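Below is one structure; the comments refer to it alone.
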There are 2 protein chains.
Amino acid sequence: MVSRSESAAATRRALVDAAAGLLDAGGPEAVTLRDVGARAGVSRGAAYRHFADKESLLTVVAAEKWEWLASDLHGVRDRGGAPEDHVRTALLSLIRVGRTQPHLYRLMFSTPRGDPDTAVRAASLAQDEFLAIVSELVGSDDARRFGALLLTSAHGIAGMELSGHLSADKWHTTAEELVDTLVAASAGSRRSRG
Amino acid sequence: MVSRSESAAATRRALVDAAAGLLDAGGPEAVTLRDVGARAGVSRGAAYRHFADKESLLTVVAAEKWEWLASDLHGVRDRGGAPEDHVRTALLSLIRVGRTQPHLYRLMFSTPRGDPDTAVRAASLAQDEFLAIVSELVGSDDARRFGALLLTSAHGIAGMELSGHLSADKWHTTAEELVDTLVAASAGSRRSRG
DNA sequence: ACTCTACAGTTGACATTGTCATCTGCGGTG
DNA sequence: CACCGCAGATGACAATGTCAACTGTAGAGT
């Protein structure tokens with residue numbers, strides 16, 4: 001026998017997973033509360049016992065992916081390799097989310113509207129991890145400046161790749177090359193400043 | 001007396017303008033075909049005489065802004081100043097669209113779904129203009145590599161600023177500083193390679 | 001052991017919206 | 001002047017987010 005709160009928690013979990021699954025599979029318009037309910041084994045209205053509205057449910061989906069990314073980035077420093085490699089790995093990790101889960105990626109960077117705190121706090125966590133990785137490469141004094149530059153650039157690369165605006169035909173380059181250039185330039189700037 | 005085709009063209013214009021206006025003012029969910037029609041002085045179904053569906057109408061809205069950007073970028077080279085200033089101005093021009101018309105900006109970089117050609121062609125035009133501006137700074141050999149880097153980075157800056165993920169609190173920097181750093185690094189790389 | 005309450009989940013209903021089939025009116029052509 | 005084709009209007013429909021009302025039961029209080 002499951003307690004009431006356990007059952008409710010399980011339902012909530014199932015709802016979030018269902019929403020994430022539908023988003024991944026069919027994009028935003030595939031995420032209907034009716035289908036989310038069906039996939040979670042409950043009915044359409046059940047979500048309103050756990051979330052204020054559809055937006056809030058999606059906010060949780062985004063926040064959980066941010067948390068996943070934070071933990072992924074945290075693991076980067078544990079594995080061996082040079083600081084440069086860590087930064088490269090971290091940036092490519094973000095880009096990989098864009099490639100493998102484009103709809104989820106878009107959701108992560110959509111303007112927070114539901115409960116801003118939930119998403120923003122989780123995103124901030126991942127950004128802190130990234131900041132630590134960059135510190136390793138350029139030192140803590142320059143970490144924020146370079147961190148912002150590297151992160152925004154990687155996000156731009158992911159975004160343009162995702163929207164088809166980074167065509168190899170026109171630009172003669174790939175996301176990987178761009179990341180390499182960025183990391184090399186950052187490492188170079190550090191050395192040249194002492 | 002207006003001819004039939006003139007009147008139809010005027011209606012089409014009004015529909016596109018109405019959609020753009022509603023998008024600017026109230027975001028995507030404010031763009032309903034009923035309101036678009038009302039704003040354009042026609043009824044809800046009129047749009048289907050000019051566009052396959054809502055998506056196609058929005059594709060035209062995005063394409064027109066890309067064309068506007070292309071023409072804006074074209075003007076950059078005519079005004080005086082150093083190549084560095086031109087690149088900086090061009091990047092900030094993109095970022096300014098993100099700031100002043102966030103919903104339209106998002107639409108420009110959304111995955112093309114309606115008639116891909118319309119939007120992609122217009123975007124390509126703007127990118128060509130940008131390429132020309134970058135050539136001025138780094139030479140035509142490196143233009144594509146640096147162009148892709150600068151454009152994706154600027155897009156990332158715009159996107160993160162727009163989604164609230166580029167908080168000054170955390171990163172201690174601004175979009176303008178990031179652009180300056182990028183441009184300086186590009187100009188520097190060119191010199192150091194000869 | 002019995003009762004009662006709070007709450008998870010269901011169901012009916014409704015307004016909104018995109019879309020299409022059908023209808024209407026008129027400019028242009030013979 | 002008759003006719004046709006198209007721009008636009010309108011009725012209808014299915015899908016969807018949301019909420020009010022309802023139901024059943026786990027768990028607390030006695």
Side-chain angles (χ1 to χ4, degrees), chain A residues 1-23 25-62 103 107 110-115, chain B residues 1-62 103 107 110-115 118:
Chain A
M1 170 86 64
V2 291
S3 78
R4 170 122 76 170
S5 64
E6 281 169 347
S7 155
T11 298
R12 189 192 141 101
R13 232 341 338 140
L15 287 169
V16 174
D17 290 343
L22 287 170
L23 181 66
E29 67 262 29
V31 185
T32 70
L33 288 184
R34 280 159 176 81
D35 285 352
V36 168
R39 205 181 234 242
V42 291
S43 74
R44 48 178 216 270
Y48 289 90
R49 286 290 148 189
H50 301 273
F51 309 95
D53 52 15
K54 187 184 180 183
E55 192 95 23
S56 300
L57 167 58
L58 287 173
T59 297
V60 172
V61 172
H103 302 298
L107 179 64
S110 69
T111 313
R113 275 187 298 184
D115 178 4
Chain B
M1 171 87 61
V2 290
S3 80
R4 171 121 74 171
S5 65
E6 279 170 348
S7 155
T11 298
R12 189 192 142 101
R13 232 344 335 138
L15 287 169
V16 175
D17 290 343
L22 287 170
L23 181 66
D24 261 4
E29 68 262 30
V31 185
T32 71
L33 289 184
R34 280 158 175 83
D35 285 353
V36 169
R39 204 181 235 243
V42 292
S43 76
R44 45 180 216 267
Y48 287 90
R49 288 289 149 188
H50 301 274
F51 309 96
D53 52 15
K54 185 185 179 180
E55 193 95 23
S56 301
L57 167 59
L58 287 174
T59 296
V60 173
V61 172
H103 302 298
L107 179 64
S110 69
T111 313
R113 276 187 297 184
D115 177 5
T118 309

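All values derive from a computational prediction rather than experimental measurement. Numbers restart at 1 for each chain; the letters A, B, ... are given by sequence-line order, proteins then strands.
- Under 4.0 angstrom from either OP1 or OP2 of C:dG27 there lies no side-chain N or O belonging to B:S7.
- In terms of heavy-atom proximity, A:Y48 sits nearest to A:D53 at CE2-CA, 4.0 Å.
- Per the geometry, CZ belonging to A:R13 stands 17 Å off P belonging to C:dA8, to the nearest Å.
- The two atoms that bring B:V60 and B:V16 nearest to each other are CG1-CG2, 3.9 Å, heavy atoms only.
- Axis angle between the ends of the helix from C:dA1-D:dT30 to C:dG30-D:dC1, five pairs each and rounded to 10 degrees, works out to 0°.
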Output a table of donor-acceptor pairs, distance under 3.5 Å, between side-chain atoms of residues 31-47 of chain B and any protein atom two or more places apart or on a different chain; print 'none' if there are none.
from, atom 1, to, atom 2, distance (Å)
B:T32, OG1, B:D35, N, 3.1

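- In terms of the side chain to side chain donor-acceptor pair (under 3.5 Å) criterion, residue partners of A:T111 (sequence neighbours excluded) are, by chain and number, B:R106.
- Contact record, A:H103 with A:G26: NE2-C, 4.5 Å, taken as the closest heavy-atom pair.
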**OP:** Determine, for nucleotides 17-26 of chain C in 5'-to-3' order, which nucleotides have protein heavy atoms under 4.0 Å from the base (write B), from only the sugar-phosphate (write S), or from neither (write -).
**Re:** BBB-----BB
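- For the side chain to side chain donor-acceptor pair (under 3.5 Å) test, no residue two or more places apart in sequence or in another chain qualifies with A:S110.
- For residues 10-30 of chain B, the salt bridge (charged side-chain N to carboxylate O under 4.0 Å, His left out) pairs, not counting sequence neighbours, are A:R113-B:E29, B:R13-B:D17, B:R13-B:E64.
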